[in-house]
Amino acid sequence: MAAQSVLTPQSQDFPRWYQDVVAKAELADNGPVRGTMVIRPYGYAIWERMQSEIDARIKAAGAKNAYFPLFIPESYFSKEAEHVEGFSPELAVVTFAGGEELAEPIVVRPTSETVIGGFMAKWIQSYRDLPLLLNQWSNVVRWELRPRLFLRGTEFLWQEGHTAHVSYEDASAYAMKIHREVYDDFLLNVLATPSYLGIKPPSERFPGAVNSMAAESVMRDGKALQMVTTHEFGQNFARAFDIYFQSEEGQAELCYTTSWGASTRLVGGLIMAHGDDAGLIIPPRIAPTQVVVIAVRDEPEVNGAADRIARELALVGVRVELDGGRGSFGRRVTDWEIKGVPLRVEVGPRDLAQGLVTLVRRDNGDKSTLGLDKLALDVPSLLESIQGDLLARAFALRDERTHEVKTIAEAIDAAKDGFARLPWDAVAGEGEIALNAQGVSVRCLQRPDGSIPLSDIERGLSCLVAKAY
RNA sequence: CGGGAAGUAGCGCAGCUUGGUUAGCGCGCCUGGUUUGGGACCAGGAGGCCGCGGGUUCGAAUCCCGCCUUCCCGACCA
């Protein structure tokens, strides 16, 4: 670990640490317009890894990618009452284009339920067309008042899935499938950020939804971050957009629709869930670069060996980068630490004389040596151990930051450290207002065994409350 | 969008109170050399519409007004 950090320590000022990491790891910059973000190559590489992992899971769940336009007629928005009401404060609207005032204003999409709903109505004729399972990767615009890089911005990148089903049960089951098999699986097995899965209380529901599910993760400062969401719309959007199908009995019936999304906010979650005072810590399965091979000196034998090692690792499927020996060793090491590369392979004259390399783990700083002949076999399995250890560490953080309480007052106190779990009956209504007054919100509702309820009308639910990003 | 703070070289800052030589410092960057196993050292060098626009003045980084952007705290949200 670096003797003196180049970053503001987390314990001193966590938000400042976050900004320092984003800048020094070269992830992103602020764009010229408030709330916009320039994603730099290393930050974008992380997002591309996320996209490919999530996209594969979405496809495995049967949905297909498509693309719908950025511009949406304003009239579409007026069709679903709660949806307009919820989104109107953050809409960007085009009223002037092509040198003249537009007859009908155009909304820059904040989400695509409305356009997609219109086309679902056109494409769905019969129950045989269902379920219709669509997904799109796109940017969206929501006029945010307090932007923070990756966590909240006026424009961000995401994936939005939209589906239509014949029944409430089918829609609900598919939403649950996405939430578990796409999102939770990705969060657990790739990002190593274990989450609390549950449903949103009515106050936190997506505008127009009958049920919203969330995955809430614990950041290293104890605050909560909503990583993804999945919504069930019942027949609300189907009614607004005339999404009918003809049933087996020949009756015209309204579809049941869902939507679900994961955004570039996940990059922020990754940073805050794993990072330490020396910088990012990226779990190997998501890391754009899993191993950096560092030539300790800029000498032909050392560089040659480092190059051979990098090639050998690449051949067995490791995402590897080579750091030639130019520049001071300490400086180069620190830079790779800030970037969170999971494993360093250091190659110097002393190692080579013994036919070894030095391995250094980013997550715990452990150093070890390994015979050159064992690299191809041992490095991939070491990466897997790092992945496992990071997951275990994240679980431990989540558990030690979660407190079982009984009253609102205790919950407010516990929220200074992390999450509080208490009976939903003790919160619903005025309790939620009291929590909100202290900057604490209900993150999600769960069954007593931690599973996801089908609806907030289920009895005996517990809730998780916390301060949130 | 309300309340606070701030914008001077890529980054961090001084200068502004009390207007007046050529706007400084540290880090980084470039060149040469010595170095290289945890942020190296020496020498030389490049780099500034002092956030933007207007005003006051013989003269503005400095004083006044407006706007933009950033950070913190709230209200609203992936």
Side-chain angles (χ1 to χ4, degrees), chain A residues 1-8 13-16 18-20 23-24 26 29-36 85-91 110-111 138-160 183 200 203-207 212-217 224-231 259-269 278-279 294-299 302-303 323-338 344 346-353 356-358 360 365 367 369 436-439 441 467-469:
Chain A
M1 299 291 115
Q4 280 182 320
S5 180
V6 291
L7 308 168
T8 305
D13 185 343
F14 195 84
R16 185 70 193 266
Y18 179 82
Q19 290 168 223
D20 284 356
K24 297 249 165 74
E26 301 178 345
D29 259 330
N30 282 304
V33 171
R34 181 181 174 78
T36 61
E85 197 188 329
F87 273 107
S88 55
E90 40 187 348
L91 292 183
T111 179
S138 71
N139 59 341
V140 281
V141 168
R142 299 179 183 179
W143 216 255
E144 289 295 344
L145 303 173
R146 195 179 167 189
R148 319 182 72 167
L149 287 172
F150 290 113
L151 299 174
R152 174 177 298 105
T154 283
E155 179 192 7
F156 57 90
L157 307 183
W158 77 347
Q159 146 279 312
E160 50 178 321
Y183 294 144
K200 285 291 183 186
S203 60
E204 304 264 338
R205 238 179 241 153
F206 182 86
S212 287
M213 287 184 274
E216 299 280 334
S217 288
L225 184 71
Q226 179 174 322
M227 305 292 270
V228 297
T229 46
T230 302
H231 312 291
S259 83
W260 24 280
S263 72
T264 37
R265 170 181 278 186
L266 286 170
V267 178
I294 300 186
V296 167
R297 288 164 182 258
D298 191 12
E299 294 168 1
V302 176
N303 274 325
D323 181 344
R326 274 182 294 279
S328 83
F329 176 75
R331 175 53 187 259
R332 290 183 285 139
V333 162
T334 309
D335 286 345
W336 289 112
E337 275 177 349
I338 292 172
R344 296 202 304 274
E346 301 177 355
V347 191
R350 293 211 297 266
D351 300 302
L352 292 177
L356 300 171
V357 290
T358 302
V360 189
K367 285 191 185 185
T369 53
N436 290 347
Q438 298 299 311
S441 56
K467 294 195 173 192
Y469 277 98

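Below, chains carry the letters A, B, ... as their sequence lines are ordered, and counting in each starts from 1. Heavy-atom basis, side chains included; hydrogens, waters and symmetry copies ignored.
The side chain of A:Val333 lies closest to B:G38 when the candidates are B:U70, B:G38, B:G37. Side chain of A:Arg152, nearest nucleotide from B:C77, B:G37, B:G38: B:C77. If you check B:G38, B:U36, B:G37 against the side chain of A:Glu337, the one that comes closest is B:G38. The nucleotide whose nearest atom lies closest to any side-chain atom of A:Thr334 is, among B:C1, B:C77, B:G38, B:G38. When distances are taken from the side chain of A:Arg146 to each of B:C73, B:G37, B:C77, the shortest belongs to B:C73. For A:Gln226, taking side-chain heavy atoms from C-beta onward, the closest of the listed nucleotides B:C77, B:A78, B:G37 is B:A78. Between B:C72, B:A78, B:G37, one nucleotide has an atom nearer to the side chain of A:Gln19 than all others, and that is B:C72.
Taking the side chain as every heavy atom from C-beta outward, A:Arg152 and A:Arg265 approach each other to under 4.5 Å. Here the side chains of A:Glu90 and A:Pro110 are not in contact, with every heavy-atom distance at 4.5 Å or above. Between A:Arg350 and A:Val296 the shortest side-chain heavy-atom distance does not fall below 4.5 Å.
Taking atom NZ on A:Lys24 and atom C1' on B:G28, their separation rounds to 11 Å, with Å as the unit. For the pair A:Glu90 CD and B:C76 C1', the interatomic distance rounds to 7 Å; values are reported in whole Å. Rounded to whole Å, atom C1' of B:A78 lies 8 Å from atom NE2 of A:His231. Atom pair A:Arg350:CZ and B:U36:P shows a separation of 12 Å (rounding to whole Å applied). Across the protein-nucleic acid pair, A:Asp13 atom CG and B:C72 atom C1' stand 9 Å apart, rounded to whole Å. Rounded to whole Å, the distance from CZ on A:Arg326 to P on B:G32 is 13 Å. The nearest whole Å value for the distance from the CG atom in A:Asp298 to the P atom in B:G37 is 13 Å. In this structure, A:Glu216 atom CD and B:C77 atom C1' are separated by 13 Å, rounded to whole Å.
Between A:Arg34 and B:U70 there is a side-chain N or O to OP1 or OP2 distance below 4.0 Å. Between B:G38 and A:Arg344, no contact under 4.0 Å exists linking OP1 or OP2 to a side-chain N or O. Remark: A:Gln159 is not in phosphate contact with B:A78, judged by side-chain N or O atoms under 4.0 Å from OP1 or OP2. For the pair A:Ser263 and B:A78, the criterion of a side-chain N or O lying under 4.0 Å from OP1 or OP2 is not met.
Across B:G15 and B:G24, the matching P atoms stand 16 Å from one another, rounded to whole Å. Comparing the P positions of B:G53 and B:C49 gives a spacing of 12 Å, expressed to the nearest Å. Nucleotides B:G59 and B:C13 place their C1' atoms 28 Å apart, quoted to the nearest Å. Using C1' as the reference atom, B:C64 and B:U17 are 16 Å apart when rounded to the nearest Å. Separation of the C1' atoms belonging to B:U70 and B:A60 is 25 Å when rounded to the nearest angstrom. With both ends at atom C1', the span from B:A75 to B:G2 equals 8 Å, rounded to whole Å.
Taking a cutoff of 4.0 Å between a charged side-chain nitrogen and a carboxylate oxygen, A:Glu337 and A:Lys24 do not qualify as a salt bridge.
Across all strands shown, A:Gly86 has no heavy atoms under 4.0 Å from either base or sugar-phosphate atoms. At the heavy-atom level, A:Leu151 lies under 4.0 Å from base atoms of the strands shown. Counting any heavy atom pair closer than 4.0 Å across all strands shown, A:Asn436 reaches sugar-phosphate atoms only and no base atom. Among the atoms of the strands shown, none is found under 4.0 Å from any heavy atom of A:Gly439. Within 4.0 Å (heavy atoms only), A:Arg142 reaches at least one base atom of the nucleic acid. Residue-level contact check: A:Pro32 touches the backbone only, with heavy atoms under 4.0 Å from sugar-phosphate atoms and none from bases. Base contact: A:Lys367 has a heavy atom under 4.0 Å from a base atom. Using a 4.0 Å heavy-atom cutoff across all strands shown, A:Arg205 reaches no nucleic acid atom at all. Residue A:Gly261 is out of contact with every strand shown, counting any heavy-atom pair closer than 4.0 Å. Using a 4.0 Å heavy-atom criterion, one finds that A:Gly269 contacts no nucleic acid atom at all.
The CZ atom of A:Arg297 lies 11.5 Å from the CG atom of A:Leu352; values are rounded to the nearest 0.5 Å. A:Tyr183 contributes atom OH, which lies 10.5 Å from atom CE of A:Met213 (distance to the nearest 0.5 angstrom).
With a cut-off of 3.5 Å on both Watson-Crick or G-U wobble distances, the partner of B:G48 is given as none. In a base pair of the Watson-Crick type (N1 to N3 plus N6-O4 or O6-N4) or a G-U wobble (N1-O2 and O6-N3), with each distance short of 3.5 Å, B:C25 is matched with B:G12. When both pairing distances are held under 3.5 Å, B:U36 makes no Watson-Crick or G-U pair with any nucleotide shown. Across the strands present, B:C71 finds its partner in B:G4; the criterion is a Watson-Crick or G-U wobble pair with both atom distances under 3.5 angstrom. Nucleotide B:C76 forms no Watson-Crick or G-U wobble pair with any nucleotide shown, as no partner meets the under 3.5 Å limit on both distances.
Between A:Gly348 and A:Leu149, the residue anchored nearer the 5' end of RNA chain B, judged by the nucleotide with its closest heavy atom, is A:Gly348. Comparing A:Val347 and A:Gly35 by the nucleotide of RNA chain B whose heavy atom lies nearest to each, the residue mapping closer to the 5' end is A:Val347.
Ring-base stacking between A:Phe156 and B:A78 is satisfied, the centre separation being under 5.5 Å and the plane angle under 30°.
A:Gly153 and A:Glu144 get closest at one heavy-atom pair: O-CG, 3.4 Å. In terms of heavy-atom proximity, A:Asn436 sits nearest to A:Ser441 at OD1-CA, 3.7 Å.
Between A:Phe14 and A:Tyr469, the ring-plane angle classifies as tilted under the 30° and 60° cut-offs.
Side-chain atoms of A:Thr358 come within donor-acceptor range of the base of B:G37, with a qualifying N/O pair under 3.5 Å.
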